[in-house]
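Presented below is the structure to which this report refers.
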Amino acid sequence: MIDPSEFITFLEKKFQYICGVPCSYFKEFLAHLASHGTETQLKHVYATREDEAIGIASGVAFSGKKALVYMQNSGIGNIGDALTSLAQLYKLPMLILISYRGLEPDNDFPEHSIMGEVNEPVLKAFKVPYWNLSEDRWTIEMKAAIQKMTETSSPVVLLVKKGVLCQ
Amino acid sequence: MMKGYEIISALSNHLSENDIIVSSNGNISREAYNLLPKPQVYLRGSMGLPIPVGLGLALANPNKRITVITGDGNFLMGLGSATTAAFYKPKNLKILILDNLKYYTTGGQKTVSSVIDYVKFLESLCIEYKCSKRASQDEIEQDLSEFINSEVFSVLHLTIKEGKKDLMNIPDQPEEITEKMILRLTKLA
């Protein structure tokens with residue numbers, strides 16, 4: 001697991017806001033953020049839906065500031081219009097962390113199996129550039145994603161597998 | 001009862017340099033573009049998201065006053081965002097709901113807005129300034145003034161009559177709308 005404290009220290013240099021809908025894959029990261037909320041520069045906004053989180057991040061981006069968005073990959077099904085008719089269309093940069101559920105057959109969680117299969121094709125179809133976030137190379141992957149986000153002034157995605165931001 | 005564009009037109013009397021408008025897709029954005037000072041955030045799509053966009057702007061710009069103008073169809077699609085906005089209740093965020101009980105831009109199909117008692121609904125969110133009434137010519141200036149100048153997170157729900165003006169489409173490309181807003185919000189005051 002990436003050390004949550006190091007991860008947040010890295011994020012707060014690039015982003016002023018963080019907003020999203022949780023996934024258990026972000027458990028330790030979000031727990032650390034909640035318990036150290038007063039020390040961090042990142043202002044946390046809870047969203048009711050994933051598209052709402054993209055909307056809030058868009059309002060931040062209209063102000064020339066940056067927000068990080070987080071969600072489970074089930075939320076990809078909810079953000080199509082928020083991406084195509086708002087964040088991408090208006091060229092609003094934001095970094096979206098998406099948990100990669102349903103990667104392997106998992107009989108306990110069949111609700112993730114189809115999205116697990118179509119996750120990457122859907123992101124490709126939406127023309128959203130994405131990277132995988134790994135425990136070993138996370139700073140390099142984050143920097144590549146943030147560079148693309150800045151160059152294109154558009155949303156980019158980091159896919160987060162089990163164990164990267166949770167135990 | 002007043003029409004939506006008459007209310008948006010009346011709103012211009014209450015705006016200063018310090019005001020940012022977020023207008024929702026369809027007729028409302030077109031009316032805001034043509035009838036209010038420019039530039040503002042004119043949303044073209046993203047049905048259901050004007051309140052989150054306004055919330056993001058309000059949190060990121062505590063010294064600006066952000067007013068979201070939304071129709072009933074759009075408001076209902078993003079109803080969860082009413083709760084998010086009420087949870088954070090930024091005092092510089094104002095939400096104006098223009099309710100004709102219809103998806104008017106797409107041809108006047110019915111919405112389900114008539115089932116809501118807006119006074120009770122807004123009461124349940126513990127919003128300090130809320131008002132729900134029929135929009136009338138005699139009272140609109142005072143209603144808008146109280147709503148926009150209240151020092152708390154405010155919601156004004158106005159029942160309106162359908163009707164639109166022949167107005168030009170927004171000529172700015174979405175990217176230009178963003179560029180103009182960032183310039184407006186990041187320039188040294």
Notebook entry, point to check: Take atom CD in B:Gln109; do more than 12 heavy atoms of anything else shown fall under 6.0 Å from it?
Noted result: yes
Margin query: Quick check on the hydrophobic clustering: are A:Leu165 and A:Ile146 connected, directly or via other members, by side-chain heavy-atom contacts under 4.5 Å?
Written below: yes
Note to self: Could you check whether atom CD1 of A:Ile114 has more than 12 heavy atoms from other residues, nucleotides or ligands sitting under 6.0 Å from it?
What the structure shows: no
Check: Roughly how far apart are A:Asp51 CG and B:Met77 CE, rounded to 0.5 Å?
Finding: 9.5 Å
Check: Take atom CD in A:Glu151; do more than 12 heavy atoms of anything else shown fall under 6.0 Å from it?
Finding: yes
Next item on the list: Among the options B:Gly80, B:Ala60, B:Gly48, pick out the one with the most heavy-atom pairs lying under 4.5 Å from chain A.
Entry: B:Ala60
Note to self: Applying a strict under-4.5 Å side-chain criterion to I, L, V, M, F, W and Y, I'd like to know whether B:Leu185 and B:Val68 cluster together.
What the structure shows: yes
Notebook entry, point to check: About how many Å separate CG of B:Leu49 and CG of A:Asp81, when rounded to the nearest 0.5 Å?
Noted result: 7.0 Å
Notebook entry, point to check: Hey, what do you get for CZ (B:Arg44) to CG (A:Leu86), rounding to the nearest 0.5 Å?
Noted result: 13.0 Å
Notebook entry, point to check: Any donor and acceptor pair, going by atom type alone, linking the side chain of A:Ser85 with main-chain N or O of B:Ser46 inside 3.5 Å?
Noted result: yes
Checklist line | OG-CD1 distance between A:Ser63 and B:Ile66, expressed to the nearest 0.5 angstrom | finding: 7.0 Å
Notebook entry, point to check: Heavy atoms, side chains only, cut-off 4.5 Å: are A:Val60 and B:Leu57 in contact?
Noted result: no
Item checked: Validation row: A:Lys43, B:Leu59 side chains within 4.5 angstrom (heavy atoms) -> no
Check: Quick one: does A:Tyr46's side chain get under 4.5 Å of B:Thr84's, heavy atoms only?
Finding: no
Notebook entry, point to check: Is there a chain of hydrophobic side chains (I, L, V, M, F, W, Y, each step under 4.5 Å between heavy atoms) that links A:Phe15 to A:Ile2?
Noted result: yes
Item checked: Which of B:Glu179, B:Met181, B:Glu175, B:Glu176 touches chain A most, by non-hydrogen pairs under 4.5 Å -> B:Glu175
Check: Any idea which of B:Val41, B:Ile20, B:Val22 has the most non-hydrogen atom pairs under 4.5 angstrom with chain A?
Finding: B:Val41
Notebook entry, point to check: Backbone N or O of B:Thr178 within a donor-acceptor pair of the A:Lys91 side chain at under 3.5 Å?
Noted result: no
Notebook entry, point to check: Would A:Tyr130 end up clustered with A:Ile98 when hydrophobic side chains under 4.5 Å apart are linked, directly or stepwise?
Noted result: yes
Checklist line | Neighbour count >12 (heavy atoms, 6.0 Å) for atom NZ, A:Lys148 | finding: no
Note to self: Counting heavy-atom pairs closer than 4.5 Å to chain B, which one of A:Ala53, A:Ala82, A:Gly55 comes out on top?
What the structure shows: A:Gly55
Next item on the list: Using a 4.5 Å cut-off on heavy atoms from C-beta on, say whether the side chain of A:Phe62 contacts that of B:Ile182.
Entry: no
Note to self: Is it true that, when you exclude A:Gln167 itself, more than 12 heavy atoms of the residues, nucleotides or ligands shown sit nearer than 6.0 Å to its CD?
What the structure shows: no
Checklist line | Value rounded to 0.5 Å, distance of CZ in B:Phe87 from OG1 in A:Thr48 | finding: 12.0 Å
Item checked: Residue A:Ala67 versus chain B: region with a heavy atom under 4.5 Å -> neither
Check: Rounded to the nearest 0.5 Å, how far does CG of B:Asn61 lie from NZ of A:Lys65?
Finding: 5.5 Å
Notebook entry, point to check: Quick one: do A:Leu83 and A:Met94 end up in the same hydrophobic cluster if we chain Ile, Leu, Val, Met, Phe, Trp and Tyr together by side-chain heavy atoms under 4.5 Å apart?
Noted result: yes
Check: Near B:Glu141 CD, under 6.0 Å, is it more than 12 heavy atoms from other residues, nucleotides or ligands?
Finding: yes
